Amino acid sequence: MRATINGASLYVEDTGARTAPAVVFVHGFPFSSEIWAPQVRALSASCRTIVYDVRGHGQSDIGDGQYTIESHVDDLVGLLDHLGVTRAAVAGLSMGGYITLRALERNPERFLAAILCDTRSEADTNETKLRRAAGIAAVKRNGSAAYADDFVSSVFSPATFRAHPEIVETIRRIIARTPPLSIAGTLLALASRTDTTGSLSSVRVPTLILVGEDDTITPPAVARALHERIPGSELHVIPHAGHLSCLENPAPFNEFLTSFLDRVFHPR
Ligand code: MLT
């Protein structure tokens, strides 16, 4: 379905019983809600799952091509309002994790639990900002297909390249279809995001942290730092997975996710 949120039409899939506990999923850059297909399947009987394409990604509107993490949080909260969801568990991968961590600072009353996947709390270093600037120039010059070729080369585990070339091709296709304007606008949003490290010790919701063992973008050491700072959080490293752990090795990912959500939604 489509939902008009803050003036843009967003692509949304809202499945499961309306009375079931809700989980909203926020994907990374420059992907789409498709990355969460294994989780939606795994939770279909027990939860209401909400996946959506972040503005500028997948089938959602590009809007004016100018984004901030703040505007993405506005969209996340606006979507929950639109769907009549007062409180949900929220899962965010990478950029989705940046959006989640900022949403936890701004609107903690809207969330029951957090699942932080392949993400970090620190803002960009100068080196990363310069890499983003080079990425903006490259995508404007060479287009999204070339950007996709470059991006997929660093995002997966060697095991995924060997055993699951179809996953690599899915992600390549998603990125190649993302307009250069939106890739450039999102890179600016990522480069200008705030550092949420200072508020990690104030996170009061149950938090699960998952990371691919071969994630080179947000490596396990970064996930361990999140784990050390978020009180009572739980950390698991997903074997044979890189930066897209939810898609590269969904069996252990879903086992940790379903066990965590079961404890959150049905405390004994
Ligand atoms: C993502 O997967 O969302 C991006 O790799 C995040 C980033 O580049 O910081």
Side-chain angles (χ1 to χ4, degrees), residues 24-36 39 51-58 60 67-73 75-76 90-103 114-139 144 147-157 160 167-168 170-178 180 182-197 209-212 214-223 225-226 238 241-249 253:
V24 60
F25 291 87
V26 193
H27 63 77
F29 160 84
F31 314 130
S32 78
S33 53
E34 280 185 64
I35 69 163
W36 299 116
Q39 287 67 49
V51 297
Y52 70 103
D53 291 342
V54 171
R55 188 183 292 244
H57 293 73
S60 286
Y67 318 119
T68 58
I69 295 301
E70 297 308 292
S71 65
H72 289 321
V73 173
D75 285 351
L76 169 60
V90 55
L93 185 135
S94 200
M95 172 183 75
Y98 311 157
I99 295 169
T100 297
L101 285 169
R102 182 63 186 133
I115 302 108
L116 301 171
C117 319
D118 302 279
T119 195
R120 66 170 76 240
S121 58
E122 295 84 9
D124 278 4
T125 59
N126 281 350
E127 192 189 346
T128 306
K129 286 182 187 179
L130 292 173
R131 212 162 14 84
R132 307 261 194 226
I136 291 169
V139 78
S144 299
Y147 192 86
D149 288 342
D150 197 40
F151 203 97
V152 296
S153 68
S154 63
V155 87
F156 294 109
S157 160
T160 303
I167 294 180
V168 178
T170 296
I171 294 299
R172 192 196 305 276
R173 169 181 56 76
I174 291 171
I175 301 175
R177 284 187 187 163
T178 308
S182 141
I183 290 179
T186 310
L187 284 165
L188 284 171
L190 295 174
S192 66
R193 74 186 190 277
T194 58
D195 189 316
T196 54
T197 309
I209 301 163
L210 298 174
V211 63
D214 300 323
D215 185 345
T216 54
I217 298 176
T218 48
V222 168
L226 280 176
I238 307 297
H243 190 55
L244 277 153
S245 56
C246 60
L247 196 57
E248 295 183 68
N249 199 355
F253 186 103

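Note that ligands are numbered from 1 as they come in the structure, with each ligand's atoms numbered from 1 the same way. Keep in mind that the numbers below use all heavy atoms, side chains included, and drop hydrogens, waters and symmetry copies. As the structure is a computational prediction, the values presented were derived from the model and not from experiment.
Between the side chain of H72 and the backbone N or O of E70, no donor-acceptor pair lies under 3.5 Å. In terms of modelled atom types and a separation under 3.5 Å, the side chain of S192 and the main chain of L188 share a donor-acceptor contact. Of the possible donor and acceptor atoms, none in the side chain of R132 sits under 3.5 Å from a partner among the backbone N and O of A189. In this structure a side-chain-to-backbone donor-acceptor pair under 3.5 Å is present from S182 to G56. Side chain of D118 to backbone of G212: a donor-acceptor contact under 3.5 angstrom is found.
For ligand 1 and G28, the ligand atoms under 4.0 Å from any heavy atom of the residue are 3 (O). Within ligand 1, the atoms closer than 4.0 Å to a non-hydrogen atom of S94 are 1 (C), 2 (O), 3 (O), 4 (C), 5 (O), 6 (C), numbered from 1 in the order shown. Below 4.0 Å from some heavy atom of M95 lie the following atoms of ligand 1, by number and element: 1 (C), 3 (O). Interface atoms of ligand 1 facing F31, defined by a heavy-atom separation under 4.0 Å, are 2 (O).
Scanning the protein for heavy atoms near atom 5 (O) of ligand 1, the closest one is H243 NE2, 3.4 Å.
At least one N or O atom of F29, backbone or side chain, sits closer than 3.5 Å to an N or O atom of ligand 1. In terms of polar-atom proximity, defined here as any N/O pair under 3.5 Å, Y98 does make such a contact with ligand 1.
Note that CD1 of I35 is 7.0 Å distant from CG of L247, once rounded to the nearest 0.5 Å.
Not a single heavy atom of H27 lies less than 4.0 angstrom from ligand 1.
Here R132 has side-chain heavy atoms under 4.0 Å from ligand 1, and that is the only part of it that gets that close.
Shown are L93, D75, L76; of these, the side chain to side chain contact (heavy atoms under 4.5 Å, CB included) with I99 is made only by L76.
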